[in-house]
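Structure first, then comments.
Residue numbering restarts at 1 for every chain, and letters A, B, ... go by the order of the sequence lines. A quick note: this is a predicted structure, and the numbers were derived from the prediction, not measured.
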2 protein chains.
Amino acid sequence: MSPLDRSSDRAIYRQIADDLRADIRTGAFGPGDRLPSESDLVARYGVNRRTVQHAFGLLIAEGLVYSEHGSGRFVQGRPPVRRLASDRFARRHRRAGQAAFTVDMEQAGRVYDPRNDVEMLDLRVGAPPDRIEDRIGDGPVLIRSRRYIVEGLPLQLATSYVPLDVAEGTAIMSADTGPGGIYARIEENGHRLTRITEDVTVEVAAEGVQRLLRLPVGAPVIHLVRTAYAGERAVEVCDTFMNATAFELSYELPAR
Amino acid sequence: MSPLDRSSDRAIYRQIADDLRADIRTGAFGPGDRLPSESDLVARYGVNRRTVQHAFGLLIAEGLVYSEHGSGRFVQGRPPVRRLASDRFARRHRRAGQAAFTVDMEQAGRVYDPRNDVEMLDLRVGAPPDRIEDRIGDGPVLIRSRRYIVEGLPLQLATSYVPLDVAEGTAIMSADTGPGGIYARIEENGHRLTRITEDVTVEVAAEGVQRLLRLPVGAPVIHLVRTAYAGERAVEVCDTFMNATAFELSYELPAR
DNA sequence: AAGTGGTCTAGACCACACG
DNA sequence: GTGTGGTCTAGACCACTTC
């Protein structure tokens with residue numbers, strides 16, 4: 001730890017954040033370690049508690065640290081999962097019985113078991129919300145909301161919308177969609193997928209999302225809307241919120 | 001404006017943020033409008049100034065509001081630019097003399113002139129940094145750093161690395177790369193592009209990036225690393241930081 | 001000069017976690 | 001109970017913008 005430079009242009013809270021960041025990067029504090037408490041740092045630097053909190057606010061926003069009320073602040077673990085968009089939907093994976101998320105986690109070397117680590121939040125027939133209706137039409141759809149938990153941390157919320165006539169009579173209607181996931185069932189039902197689009201934005205997590213992903217207030221999330229087409233028809237829209245610090249999205253484009 | 005509910009579980013600063021957010025969404029304050037000052041809100045809600053600041057902190061993190069020291073806080077304008085990744089590198093655009101960024105801005109209806117709105121930050125021959133060397137090899141490269149300004153706002157920083165033998169003798173070496181941009185010149189020089197990869201992460205802006213993009217402290221940026229291949233060889237790596245609230249990334253994938 | 005936001009201090013009450 | 005972080009108040013000094 002370096003002493004504070006009170007005469008510096010750099011704000012005190014930033015200097016403290018710099019110190020802690022350096023300690024984490026050099027490995028003085030490893031993943032999962034508890035960082036010094038607010039009162040420790042107040043004593044060490046001779047500053048106010050709010051100033052220490054301000055410093056932690058930065059590190060938390062950076063995804064380097066997380067806070068547990070009543071317990072302490074800890075170094076965030078694992079690096080991002082690389083999500084190979086152009087490979088994860090490959091038919092060969094579906095044939096091998098693997099859904100896309102499982103492919104990602106396996107390639108990232110994470111411990112993930114689709115039988116235990118997916119929570120069904122909602123499963124019903126209904127009308128699509130407005131911004132999904134633009135993509136999939138206004139007929140009745142099957143709505144599947146689920147939360148993916150990896151190594152104890154919720155990484156992703158996904159809500160799939162499938163036109164009822166596409167889903168009906170398949171395992172898409174039930175909690176367990178079977179090997180290869182939704183896309184395998186859609187293709188078995190006679191809709192051969194031709195192309196998939198993904199639209200990616202970065203947003204600050206709304207309150208529901210923030211709570212379900214166990215994120216700090218103000219944390220960014222990746223909002224990804226995927227649309228799968230069979231010919232000209234959209235046969236699935238998947239609305240996904242991902243922990244922004246936990247993923248790297250990887251795409252391959254043709255150079256037409 | 002609704003009154004505060006002091007007995008609510010919802011923190012005061014969040015209630016104030018909710019109020020202001022609603023006023024912006026309903027259009028009570030439009031793009032570019034100045035919001036009430038801290039002292040206005042202190043008087044209106046009967047809270048401390050720090051609490052008002054905390055509320056603004058959320059709205060700023062959301063990209064809804066920006067702050068000008070000494071002047072006030074203002075409603076952030078324009079919606080995100082949709083960046084059609086699968087189309088923007090199409091050869092037909094290069095043939096038409098348009099670089100990828102120009103294609104995006106034109107499709108988004110933004111006022112942008114590549115002759116005035118690109119600042120060259122760096123243009124030299126050197127060694128690639130480590131994380132780029134992994135992609136492009138350790139030979140000498142041409143390094144081009146530029147900042148893209150749209151309607152007065154810096155939206156993107158991009159640093160291109162091109163192996164010197166690919167760039168030499170072309171307009172890539174000079175400030176103005178000519179119609180169709182770098183990729184047009186690379187292809188003219190005998191390297192036909194075969195594929196492009198893009199790796200996307202979300203990060204909190206480091207200080208240099210934050211200043212150059214005129215972002216608030218702690219703001220998220222999209223970090224996009226694009227690699228262009230001619231056959232097996234990487235002929236350009238472009239390291240890009242984008243204002244995360246200003247872009248929507250749009251991809252199309254084959255359903256192989 | 002007056003108004004604005006940026007930062008910092010001092011002190012307080014609360015909710016949550018852990019032993 | 002004790003320690004932890006979450007929130008709020010009161011007051012202060014500073015830097016920047018505008019008139």
(message) Could you tell me the boundaries of the chain A footprint on DNA chain D, defined by atoms under 4.0 Å from its heavy atoms?
(response) dG3(D) to dC8(D)
(request) Check whether any side-chain heavy atom of Tyr148(B) sits under 4.5 Å from a side-chain heavy atom of Tyr112(B), and report yes or no. (result)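 With C-beta onward as the side chain, the pair touches.
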(request) Compare all side-chain heavy atoms of Val42(B) with those of Asn48(B) and state whether any distance is below 4.5 angstrom. (result)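 Val42(B) does not reach Asn48(B) side chain to side chain.
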(request) Determine, for Phe247(B) and Arg83(B), whether the Lys NZ or Arg CZ falls below 6.0 Å from the six-membered ring centre while staying within 45 degrees of the axis. (result)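 Relative to the ring axis of Phe247(B), which defines the angle, Arg83(B) lies outside at least one limit.
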(message) Side-chain N or O of Ser71(B) versus OP1/OP2 of dT4(C): is the shortest distance under 4.0 Å?
(response) no
(request) Let me know the distance between CZ of Arg49(A) and P of dC14(C), rounded to the nearest Å. (result) 14 Å
(request) Mind calculating the distance between NE2 (His54(B)) and C1' (dG5(C)) to the nearest angstrom? (result)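 In whole Å, dG5(C) C1' and His54(B) NE2 are 16 Å from each other.
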How is [X] classified with respect to the nucleic acid when contacts are heavy atoms under 4.0 Å: base, sugar-phosphate, or nothing?
X: Phe56(A); result: nothing
X: Glu68(A); result: sugar-phosphate
X: Arg73(B); result: sugar-phosphate

(message) With nearest nucleotide decided by heavy atoms, which residue, Gly46(A) or His69(B), maps closer to the 5′ end of DNA chain C?
(response)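 Whichever sits nearer the 5' end wins; that is His69(B).
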(request) Find which nucleotide of DNA chain C each of Thr51(A) and Gly70(A) is nearest to by heavy atoms, and output the residue with the more 5' nucleotide. (result)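 Its nearest nucleotide being more 5', the pick is Thr51(A).
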(request) Taking Thr51(B) for its side chain and Val47(B) for its backbone only, find out whether a donor-acceptor pair lies under 3.5 Å. (result) no
(request) Decide side chain to side chain contact (heavy atoms under 4.5 Å, CB included) for Phe56(B) and Leu35(B); before the verdict, give the C-alpha distance in whole Å, the side-chain angles of both, and the deciding distance to 0.1 Å. (result) CA-CA 10 Å; Phe56(B) 272 119; Leu35(B) 293 163; 4.0 Å; yes
(request) Among Arg146(A), Arg131(A), Arg226(A), Arg135(A), find the residue that satisfies the salt bridge (Lys or Arg N to Asp or Glu O under 4.0 Å) test when tested with Asp239(A). (result)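 Single salt bridge (Lys or Arg N to Asp or Glu O under 4.0 Å) partner of Asp239(A) among Arg146(A), Arg131(A), Arg226(A), Arg135(A): Arg131(A).
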